[in-house]
Amino acid sequence: MMETITPNIFVKDIIATISFYRKLGFEVIATVPDPDKPDWVMMTCGNVNFMFQTYENLGDDLPMISRQKGGSLLLYIQIKNIRNFYLKVREEIKIVKEPETTFYGATEFSVEDINGYILTFAEDEVVDKP
């Protein structure tokens, strides 16, 4: 039985990536090999974990992994108090889709990280039914 998923996201500048994700509330919990010059880092915020690894460290392993900025995926992150979170990060983070309520009752907004990846933050809204 599967228990968790932690994306390993490939980046060019891991120090800048750490700085960006700290603005979203993430903390570094592990680095390899050196905390001051890591090639790989794990960050966490609540129950959400990401691993970041440099393309350079990836080397020639797994040649099918794209070495281009961004990717053809969207990371969908459920969050509580989305409006407060949006107000906290909107001045420092590139917002690519402003908050809106979807047809399925979630409030969502999307940001682009400094590596070209899209993160959508969502909170399920309680909808009163007649």
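Values below: all heavy atoms of this structure, side chains included; hydrogens, waters and symmetry mates excluded. Numbers here are sequence positions counted from 1.
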Taking only residues two or more places apart in sequence, or in another chain, which ones meet Pro99 in a side chain to side chain contact (heavy atoms under 4.5 Å, CB included)?
Tyr86, Phe109
Once you round to the nearest 0.5 Å, how far does CD1 of Ile114 lie from CG of Asp13?
6.0 Å
Show the numbers, then the answer: is there a side-chain contact (heavy atoms from CB on, under 4.5 Å) between Arg22 and Val28?
CA-CA 8 Å; Arg22 281 188 170 141; Val28 173; 3.5 Å; yes
Might you point out which heavy atoms bring Glu108 and Tyr76 nearest each other, and give the distance in Å?
OE2-OH, 2.8 Å
Would you mind listing every salt bridge (charged side-chain N to carboxylate O under 4.0 Å, His left out) that reaches into residues 70-93, with sequence neighbours excluded?
Arg83-Glu125
Is Thr101 reaching over with its side chain to a backbone N or O of Gly105, donor-acceptor style, under 3.5 angstrom?
no
Any chance the side chains of Glu27 and Tyr21 put a donor and an acceptor closer than 3.5 Å?
no
Going through the checks in order, is the side-chain contact (heavy atoms from CB on, under 4.5 Å) test met by Phe85 and Leu24?
CA-CA 8 Å; Phe85 182 71; Leu24 295 174; 3.9 Å; yes
Given side-chain contact (heavy atoms from CB on, under 4.5 Å), test Phe20 with Asn115 step by step and report yes or no.
CA-CA 10 Å; Phe20 177 88; Asn115 303 291; over 6 Å; no
Quick check on Lys23: does its NZ atom have over 12 non-hydrogen neighbours (other residues, nucleotides or ligands) under 6.0 Å away?
yes
Listed pairs under 3.5 Å, donor-acceptor, residues 35-48 side chains, sequence neighbours left out:
{"unit_1": "Thr44", "atom_1": "OG1", "unit_2": "Val48", "atom_2": "O", "d": "3.3"}
{"unit_1": "Thr44", "atom_1": "OG1", "unit_2": "Asn49", "atom_2": "OD1", "d": "2.7"}

Residue Glu98 excluded, over 12 heavy atoms near CD under 6.0 Å:
yes
Gap between atom CD1 of Ile79 and atom CZ of Phe121 - 0.5 Å precision
6.0 Å
As an exercise, state the distance from CZ of Phe10 to CD of Glu56, rounded to the nearest 0.5 Å.
13.5 Å
Looking only at atom types and distance, does a side-chain atom of Glu112 sit under 3.5 Å from a main-chain N or O of Lys94, one as donor and one as acceptor?
no
